[in-house]
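Presented below is the structure to which this report refers.
Scope of the values below: all heavy atoms of this structure, side chains included, with no hydrogens, waters or symmetry mates.
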Amino acid sequence: MTAQAGFDIAKDFHWLAVTDDRGRLLFSHRVDNTPGAIEEAVTELLAVQAEHGQVTVGLDILGGIAGLLTAMLLGKDLACVHVPGLTVNRARRGTRGGENKSDPRDARTIAEQVMLRDDLRVVDLPDEQAVELRLLVSHRTTLVKEATARTSRLRDLLTSIHPGLERVVDPTTHSGLILLGHYVTASEIRRAGTARITAYLRRHGVTRQTTAQALAEAVVTAARAQTVSLPGERRTAALVRELAGELATGKARLKALEAEIEELVASHPDGALIRSLPGMGAVLTAEFIAAVGNIRRFTSADALAAASGLAPVLTQSGKVRYSRSATGGDKALKRVFYQASFCSIQRDPTSRAYYDRKRAEGKRHHQALIALGRRKVNVLYAMLRDRQPFQVRPPLRLVA
């Protein structure tokens with residue numbers, strides 16, 4: 001005999017539903033997201049397990065707001081599996097209630113999916129390093145998105161008052177941010193002149209004289225080409241300087257964060273192995289570890305490729321049968337292998353030869369990178385399975 005439980009996860013409270021091996025509801029109630037309330041729910045589940053046999057608990061969210069609940073369930077050796085939200089939504093729509101949604105109904109649907117499916121991902125308590133990497137990678141992603149948004153806003157503001165300056169200054173570079181933190185309007189740049197701007201850049205961190213001189217000459221030329229002052233120019237220039245300062249601060253924080261990530265990757269048991277694969281730098285390695293956790297949860301390289309959205313999907317209906325590119329899978333994992341492929345074709349001869357072969361077969365750039373990413377899945381899985389680093393092999397030669 002077995003029993004199944006489903007937790008519909010929320011911020012302030014969760015909803016627990018428990019069914020027996022015939023799908024009959026044993027009980028359903030709210031569980032506050034507090035240690036005391038979760039402890040009471042765990043005690044209930046252990047009592048059900050003593051009476052009905054093994055209890056498997058389904059969770060629709062992993063990490064974040066489910067962190068305390070997951071840790072307390074696994075701490076009592078209760079088996080937990082992940083039931084993705086998309087699975088819950090589709091299963092709910094197939095019942096008599098249709099699209100009607102409620103926490104009790106979702107919790108019961110999760111429990112029913114646990115009973116019906118044997119391919120759900122088993123949830124393990126992650127180790128400290130994996131959790132830290134996941135947090136740092138997530139924070140880095142947030143910083144990068146914020147920097148991208150600020151850069152776009154800065155460009156828009158700068159174009160509105162001094163389009164010539166926007167064309168010659170790159171706000172993603174250290175020297176560009178130093179300049180825009182002080183000189184923005186055409187009139188102030190003309191008054192300062194090339195020599196003063198060059199000296200300012202040198203004093204504030206642009207170490208190369210040629211870089212500072214070339215940038216100063218370019219911005220002065222742009223300023224001389226615009227003699228018109230626009231309405232709102234003073235306030236817009238102040239906002240540009242503010243954004244430039246925020247971007248410079250964010251850039252420094254991102255650099256420090258990446259140093260933390262590199263240090264953690266170096267101390268991780270799989271870090272050196274993964275980094276030996278061409279294209280896998282410290283950040284991509286951290287993103288892979290954060291997304292995958294323990295490689296043993298994948299039974300094969302094909303399973304890892306399917307989870308990454310890199311394996312072709314079979315579509316069959318009647319006499320029609322064909323393969324197409326996957327649209328699902330873990331987007332973070334797919335990005336890791338795609339970026340690793342892009343980086344490796346520039347530095348690794350073997351990867352470049354494989355990419356060129358796929359291009360010669362008629363595949364577009366994107367398709368060839370996806371094919372190379374799929375190949376990297378096989379290689380990386382074998383490396384982690386056999387605990388062997390990547391070994392350089394001579395590139396394949398194209399036969400005319």
**Prompt:** Is the shortest side-chain N to carboxylate O distance from R387 to D270 below 4.0 Å?
**Reply:** yes
**Item:** SB check R155 D170 (cutoff 4.0 Å)
**Value:** yes
**Message:** Between S160 (side chain only) and L157 (backbone N and O only), is there a donor and an acceptor less than 3.5 Å apart?
**Reply:** yes
**Item:** Separation of L304 CG from L380 CG (nearest 0.5 Å)
**Value:** 7.0 Å
**Request:** Could you check if a side-chain atom of T236 sits within less than 4.5 angstrom of a side-chain atom of V184, using non-hydrogen atoms only?
**Result:** no
**Complete:** Between the NZ atom in K101 and the CG atom in D106, the distance rounded to the nearest 0.5 Å is 4.0 Å
**Prompt:** Taking everything shown except E263 itself, do over 12 heavy atoms lie less than 6.0 Å from its CD?
**Reply:** no
**Complete:** Residue set satisfying ring pair (Phe, Tyr, Trp, His ring centres under 6.0 Å) with H182, at least two apart, ordered chain then number -> Y200
**Prompt:** With the 4.5 Å side-chain cut-off for hydrophobic clustering, are I65 and L69 part of the same group?
**Reply:** yes
**Derivation and outcome, side-chain contact (heavy atoms from CB on, under 4.5 Å), residues L179 and V206** = CA-CA 10 Å; L179 179 106; V206 181; over 6 Å; no
**Message:** Donor-acceptor pair, distance only, cut-off 3.5 Å: does the side chain of S138 make one with the backbone of L135?
**Reply:** no
**Fill in**
Smallest heavy-atom separation, F337 atom then S308 atom, equals CE1-OG, 3.8 Å
**Message:** Treating N378 as the side-chain partner and A301 as the backbone partner, does any N or O pair qualify as donor plus acceptor under 3.5 Å?
**Reply:** no
**Request:** Can you establish whether the number of heavy atoms outside R234 located under 6.0 Å from its atom CZ is more than 12?
**Result:** no
**Message:** Is the shortest side-chain heavy-atom distance between R117 and T87 below 4.5 Å?
**Reply:** yes
**Message:** Return the CD1 to CZ distance between I289 and R134, rounded to the nearest 0.5 Å.
**Reply:** 10.5 Å
**Message:** I'd like to know if R275 pairs up with E262 as an ion pair, taking the criterion as any Lys NZ or Arg NE/NH1/NH2 lying under 4.0 Å from an Asp or Glu carboxylate oxygen.
**Reply:** yes
**Prompt:** Transitively linked via ILVMFWY side-chain contacts under 4.5 Å: L133 with I295?
**Reply:** yes
**Request:** To the nearest 0.5 angstrom, please state how far the CG atom of D124 sits from the CG atom of N294.
**Result:** 7.0 Å
**Request:** Flag the pair C80 / L74 as yes when at least one side-chain heavy-atom distance between them is below 4.5 Å, and no otherwise.
**Result:** yes
**Message:** Are the side chains of I370 and Y338 in contact, using a 4.5 Å heavy-atom criterion?
**Reply:** yes
**Prompt:** Between the main-chain N or O of V292 and the side-chain N or O of R297, is there a donor-acceptor pair closer than 3.5 Å?
**Reply:** yes
**Item:** Whichever hydrophobic residues join W15 through chains of side-chain contacts under 4.5 Å
**Value:** F13
**Item:** Shared hydrophobic cluster for F298 and V379 (ILVMFWY, side-chain gaps under 4.5 Å)
**Value:** yes
**Message:** Between K358 and E361 (salt bridge meaning N to carboxylate O under 4.0 Å), is one present in this structure?
**Reply:** yes
**Prompt:** What is the minimum heavy-atom distance between A192 and I197, and which atoms define it?
**Reply:** CB-CG1, 3.8 Å
**Request:** Look at the side chain of Q226 and the backbone N and O of I161, then say whether any donor-acceptor pair between them is shorter than 3.5 Å.
**Result:** yes
**Request:** Given side-chain contact (heavy atoms from CB on, under 4.5 Å), test E44 with V18 step by step and report yes or no.
**Result:** CA-CA 10 Å; E44 287 183 295; V18 180; over 6 Å; no
**Single-linkage hydrophobic cluster, 4.5 Å side-chain cutoff, L264 and V283 together** = no
**Request:** Might you point out which heavy atoms bring E233 and T185 nearest each other, and give the distance in Å?
**Result:** CG-CG2, 3.6 Å
**Flag if over 12 foreign heavy atoms under 6.0 Å of CZ, R203** = yes
**Asked** Got a second to check how far L369's CG is from L310's CG, nearest 0.5 Å?
**Response** 11.0 Å
**Request:** Taking Y355 for its side chain and H365 for its backbone only, find out whether a donor-acceptor pair lies under 3.5 Å.
**Result:** no
**Message:** Could you walk me through whether M280 and F390 satisfy the side-chain contact (heavy atoms from CB on, under 4.5 Å) test, starting with their C-alpha distance in whole Å, then the side-chain angles of each, then the deciding distance to 0.1 Å, before giving a yes or no?
**Reply:** CA-CA 11 Å; M280 294 294 287; F390 178 79; over 6 Å; no
**Asked** With a 4.5 Å heavy-atom cut-off, do L26 and H52 have their side chains touching?
**Response** yes
**Item:** Residue pair L154 / V240, side-chain heavy-atom distance below 4.5 Å
**Value:** yes
**Message:** So if I apply the side-chain contact (heavy atoms from CB on, under 4.5 Å) rule between L73 and each of L78, V55, L68, I38, which one comes out positive?
**Reply:** L78
**Asked** What do the steps show when you test E112 against T19 for side-chain hydrogen bond (donor to acceptor under 3.5 Å, both in side chains), and what is the final call?
**Response** CA-CA 8 Å; E112 290 169 348; T19 62; over 6 Å; no
**Prompt:** Got a salt bridge between R253 and E260, using NZ or NE/NH1/NH2 to carboxylate O under 4.0 Å?
**Reply:** yes
**Message:** With a 3.5 Å distance limit and no angle check, can you tell me whether Q346 reaches the backbone of F342 through a side-chain donor-acceptor pair?
**Reply:** yes
**Message:** Under a 3.5 Å distance rule, please check whether K251 uses its side chain to pair with a backbone N or O of T172 as donor and acceptor.
**Reply:** yes
**Asked** Is atom CZ of R190 surrounded by more than 12 heavy atoms (other residues, nucleotides or ligands) closer than 6.0 Å?
**Response** yes
**Item:** Inter-residue atom distance L177.CG - E246.CD, 0.5 Å rounding
**Value:** 11.5 Å
**Prompt:** Do the side chain of K376 and the main chain of P278 share a donor and acceptor less than 3.5 angstrom apart?
**Reply:** yes
**E287 vs R335 side-chain heavy atoms within contact, under 4.5 Å** = yes
**Request:** Determine whether H29 and L16 make a side-chain contact, defined as any pair of heavy atoms from C-beta on separated by less than 4.5 Å.
**Result:** yes
**Asked** Counting only heavy atoms not in R359, do more than 12 fall under 6.0 Å of its CZ?
**Response** yes
**Request:** Heavy atoms only: give me the nearest I261-A286 pair and the separation to one decimal.
**Result:** CG2-CB, 3.4 Å
**Message:** Between V57 and V123, is the side-chain contact (heavy atoms from CB on, under 4.5 Å) condition met? List the steps.
**Reply:** CA-CA 10 Å; V57 183; V123 178; over 6 Å; no
**Request:** Could you state whether V42 and F7 fall into the same hydrophobic cluster, counting links through intermediate Ile, Leu, Val, Met, Phe, Trp or Tyr residues with side-chain heavy atoms under 4.5 angstrom apart?
**Result:** yes
**Asked** Which heavy atom in A147 sits nearest to a heavy atom in L247, and how many Å separate them?
**Response** O-CD2, 3.5 Å
**Message:** So which atom in A5 and which in L45 form the shortest heavy-atom distance, rounded to 0.1 Å?
**Reply:** CB-CD2, 3.8 Å
